[in-house]
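Structure first, then comments.
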Protein chains: 2
Amino acid sequence: MSEVIELASIHDVAKEAGVSVATVSKVINHYPDVSEKTRKKVKNAIALLRYRPNVIARGLVTGRSWTVGVLINIPFTNPYVSMLLEGVKTALENSGYDLMRLSARLNDPDYSFADHCQSRNLDGVVVFGVEKEHRCIQELIQSGIPTMFVDTDVTGHRAGNITTDNRSGVHMAVQHLYELGHRRIACLAGIPGQAVNDSRLAGYRDGLQAASIPYRADYVLAGDYSFESGLTGMQELLQLDAPPTAVVCTSDMTAFGAIHAIEARGLTVPEDISVVGFDNIFEAELFKPALTTVNQNIHTIGVKSIEELIAMIKNPDYPPPVVMEPASLVIRESTARLVGSEITR
Amino acid sequence: MSEVIELASIHDVAKEAGVSVATVSKVINHYPDVSEKTRKKVKNAIALLRYRPNVIARGLVTGRSWTVGVLINIPFTNPYVSMLLEGVKTALENSGYDLMRLSARLNDPDYSFADHCQSRNLDGVVVFGVEKEHRCIQELIQSGIPTMFVDTDVTGHRAGNITTDNRSGVHMAVQHLYELGHRRIACLAGIPGQAVNDSRLAGYRDGLQAASIPYRADYVLAGDYSFESGLTGMQELLQLDAPPTAVVCTSDMTAFGAIHAIEARGLTVPEDISVVGFDNIFEAELFKPALTTVNQNIHTIGVKSIEELIAMIKNPDYPPPVVMEPASLVIRESTARLVGSEITR
DNA sequence: CTGAAAGCGCTTACAG
DNA sequence: CTGAAAGCGCTTACAG
C-alpha cells in the first residue's frame with residue numbers, strides 16, 4: 001500500500017546527473033568552480049530524487065554536527081526552564097542548528113558528560129542548573145567543546161557564562177521593603193554553594209547593610225527554589241519569637257509556597273506580611289495577590305546563550321563571553337507599607 | 001595551560017591493545033567470540049585512553065542514531081508542554097536515547113520535516129500540536145520513520161498516536177455543571193479542526209444532550225487555548241443578552257483568562273459564574289479560586305509516547321499503538337451551585 | 001578466535 | 001571545470 005520512500009544518497013544523484021559525487025558535493029556546498037551547465041544537471045537530479053544531504057555523514061568528515069546540546073539539571077516543569085527554552089528555541093530558528101537534550105547521568109561515576117558530547121559530535125553545549133563544583137564542568141572545559149554556562153560563574157578557554165545580576169536584584173527587593181517601613185526582613189534562600197544563591201544572599205546582605213539592619217541568621221533559610229521549600233521555610237519563620245514582617249524569596253515558586261503558609265495561618269499578604277519573589281515567571285502576575293518580584297530577562301538569557309555559543313563555535317578565537325543581564329523590581333500587590341507599631345530597630 | 005584532550009578513536013585503541021579494529025569493535029559490542037585474554041587487553045586500552053565509541057559514526061553504518069526527535073508546535077511556555085516534556089525525559093533516562101528538538105520550518109514550502117528527520121538519521125519521532133491536515137504528517141507516515149502523534153488522531157504503517165479521552169472529559173465537566181443547577185453553559189473552545197478541539201466539542205454536545213439542554217451556537221467560541229483567548233472570549237460572552245452562568249474552557253490557561261474577564265466586570269467566580277478548565281496544570285491548584293478542571297495524565301502521556309515509540313523502533317512489526325488516557329474531573333473552587341431564579345429551561 | 005576489506009554517506013585535497 | 005582516491009569512525013560479513 002503506502003510505499004516506504006528511501007532517501008536518495010549522493011551516489012544516486014551523481015548517477016542520475018551523470019557526474020561524479022565530488023561534483024555533486026561541490027554543487028551542494030556552493031563551490032564556485034562548477035560550470036553552469038553541470039550545476040543545472042545536478043540541481044535537476046537533486047530535485048527529481050528529492051535528495052537531502054545526510055547531515056550525520058557530513059558531520060563525520062567536517063567535524064561539525066550542526067547540533068548544540070543542552071544539559072538541564074532542573075525539572076522541565078519549572079516555569080523558569082520553559083521560558084529559557086523558549087528563548088533558546090527562538091535563537092535556534094533559521095540558525096541551521098538543532099538542539100539535543102542529553103540524557104545525562106550526572107550521578108553515575110562512570111559517566112562523563114563531556115564524553116557524551118564528544119561521542120555525539122556536538123558543536124557546542126549550554127549547561128544550566130549545575131553547581132560549580134560538579135566534575136562535569138571541568139571535564140567540559142578540558143574537552144574544548146564550546147560551552148555556555150547559565151547561572152554558573154565559570155569560564156574557560158572556550159567556555160563563557162551568562163547570568164542575571166542576582167545581587168542587585170535582591171538588594172533592590174530589600175530596599176523596597178525597607179522603604180515600606182519593614183525592618184524584620186527574612187530571606188527564603190536557595191541551594192547553598194550555587195552561584196545563583198550566593199549572589200542573591202550577598203544582595204540580601206547588601207540591602208540590610210545599606211539600611212543598617214543587623215543580619216540575623218535565623219531569618220535566613222536554605223531551600224531549593226520550590227513551592228514546598230517556601231511552604232516549610234515560611235512555617236519555620238512563623239514559629240520564631242519575632243517573626244519577620246517581610247520576606248524575600250529567591251524564586252517565585254518559593255514565594256507562592258510562603259504565601260500559602262502565611263494564609264494557612266490565618267494571616268494575609270501583604271497586610272500582615274509582605275512577600276517578594278524572584279524570576280517574574282508569568283504566573284506571578286496571575287497569582288493573587290499578584291506577586292511583587294525581581295524580574296529576570298529569562299527569554300533574553302536563552303537567546304543570548306545560544307547566540308554567544310554560536311559565535312564561539314564559528315570563531316575559535318572568540319573571547320569567552322561573560323554576560324550579565326540586569327534585574328529589575330516589579331512591584332505588584334504582595335508588598336505593602338508596614339502599619340502600626342511594628343517598626344523597631 | 002589547559003590542554004584540549006582529543007577523544008581517542010577505535011584505531012588508537014586497536015594500536016594500543018595490539019589488535020585489529022574489528023576486534024575492538026567486537027569487544028565494545030559484546031560479541032561472544034573474543035578470547036578472554038584479548039578482551040582484557042582491549043578493555044585496558046579502552047580504559048587507558050578513555051575511549052568512547054562515536055555514536056554518530058556508528059549510526060552511519062548501523063542505521064541507528066539512538067536519537068529520537070520531537071516536534072513541538074506549541075510554545076514551550078505552555079505548562080502543558082513542560083509537563084509532557086518532563087514525562088518524555090523520564091522515559092528517556094537510561095534508555096540510551098537522546099532527544100533532539102528539531103528546528104522545523106513548517107511554514108516554509110521548501111521544507112520537509114520528514115527529510116529533516118531522515119537527514120539526521122532519527123530513529124523515531126514524537127510530534128505534537130500539529131493539525132491533522134498538515135502535509136508533514138503524510139510525509140512522515142510515507143517516510144516510514146516510527147512516529148507517535150500526541151493529540152493528533154492519525155495512524156500509519158509505523159505511526160501511532162496517544163491522546164486523552166477528551167470527549168468524556170468535557171462531558172463530565174458539563175454534567176458537573178448541570179448537577180449544580182446550571183443550564184446556560186457556554187464553551188470557550190480551541191482551534192477548529194484540531195482533533196483535540198473537535199473531541200472536546202463533541203463532549204460538550206454530549207453533555208448538553210444528556211441534560212436535554214439545547215445547543216446554542218452563540219455559546220461556543222473558538223480560541224487557541226491561550227490566556228488571551230479566554231479573556232476576549234469571555235468578554236464576548238458577557239455581551240450576550242443572556243450570558244452563560246457557567247463556562248467550560250478547553251484549557252486551564254483559557255479558564256484563567258475567562259476568570260480574569262469575569263472579575264474585571266465586577267463579577268465573581270464561582271458566585272456569579274462557574275468556570276471549569278481543562279488540563280489540570282499545576283497552576284490550577286494555586287490559582288484563586290482554585291480551578292475546577294478536567295485532569296489529563298500529561299506526564300503519563302509523555303512517558304508512554306516514548307515507550308511506545310521505542311517499542312516501534314525496536315520491532316518493525318510492532319502494531320501501531322493507539323492509546324487513550326482517561327480524563328477525570330477535579331472539583332475545586334471555581335464551580336458552585338447556581339443560586340436563585342436563574343434556573344431556566 | 002582474529003583480522004583484512006568493504007562500506008555507511010559524505011568532503012577534501014589533488015591531479016588532470 | 002571535473003573526477004578518482006583517501007578518509008571521517010565505525011560495523012559487518014567473510015576468510016582463515
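Every chain is numbered from 1 and lettered A, B, ... according to where its sequence line falls, protein lines coming before strand lines. Keep in mind the model is a prediction, meaning the values are calculated, not measured.
Considering only side-chain atoms of B:A22, the nucleotide from D:dG9, D:dG7, C:dG3 that sits closest is C:dG3. Nearest nucleotide to the A:V61 side chain, out of C:dT2, D:dC1, C:dG9: C:dG9. Closest to the side chain of A:S35, out of D:dT11, D:dC1, C:dG3, is D:dC1. When each of D:dG9, D:dT11, C:dG9 is scored by its nearest atom to the side-chain atoms of B:S9, the top-ranked nucleotide is D:dG9. Nearest nucleotide to the A:N54 side chain, out of C:dG7, D:dT2, C:dC10: C:dC10. Considering only the side chain of A:V19, D:dG3 comes nearest among D:dC10, C:dT11, D:dG3.
As rounded to whole Å, 11 Å separates atom P of C:dA13 from atom NZ of A:K26. Distance B:D33 CG to D:dG16 P: 17 Å, rounded to the nearest Å. The separation between B:H11 atom NE2 and C:dA4 atom P is 11 Å, rounded to whole Å. When the C1' atom of D:dG9 is taken as reference, atom CD1 of B:I10 falls 8 Å away, rounded to whole Å. Residue B:K15 contributes atom NZ, which lies 20 Å from atom P of C:dT2 at whole-angstrom precision. For the pair A:R39 CZ and D:dC1 P, the computed distance is 9 Å after rounding to whole Å. A straight line from NZ of B:K37 to C1' of C:dT2 spans 13 Å, rounded to a whole angstrom. In this structure, A:I56 atom CD1 and C:dT11 atom C1' are separated by 15 Å, rounded to whole Å.
Remark: B:D98 does not engage A:R101 in a salt bridge, criterion side-chain N to carboxylate O under 4.0 Å. Look at B:E139 and B:R135 and you find a salt bridge, because one of the NZ, NE, NH1 or NH2 atoms lies within 4.0 Å of a carboxylate O, short of that distance.
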Candidate pair B:E307 and B:K304, rule salt bridge (charged side-chain N to carboxylate O under 4.0 Å, His left out), full reasoning: CA-CA 5 Å; B:E307 288 176 348; B:K304 287 193 182 171; over 6 Å; no
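Applying the 4.0 Å criterion to OP1 and OP2 of C:dC10, one finds that A:S25 has every side-chain N and O outside that range. Within the structure, every side-chain polar atom (N or O) of A:T62 is placed at least 4.0 Å from both OP1 and OP2 of C:dT12. The side chain of B:Y31 places an N or O atom within less than 4.0 Å of a non-bridging phosphate oxygen (OP1 or OP2) of D:dT12.
C:dG16 is paired with D:dC1 under the Watson-Crick or G-U wobble criterion, all donor-acceptor distances under 3.5 Å.
For A:P32 and B:I28, each mapped to the nucleotide of DNA chain D holding its nearest heavy atom, the one lying further toward the 5' end belongs to A:P32. Mapping A:T23 and B:Y51 onto DNA chain D via the closest heavy atom, the residue that lands nearer the 5' end is A:T23.
Annotation: the span from A:E16 atom CD to A:H11 atom NE2 amounts to 15.0 Å, rounded to 0.5 Å.
Ring geometry, B:F113 versus B:Y111: the interplanar angle falls from 30° to 60°, so the pair is classed tilted.
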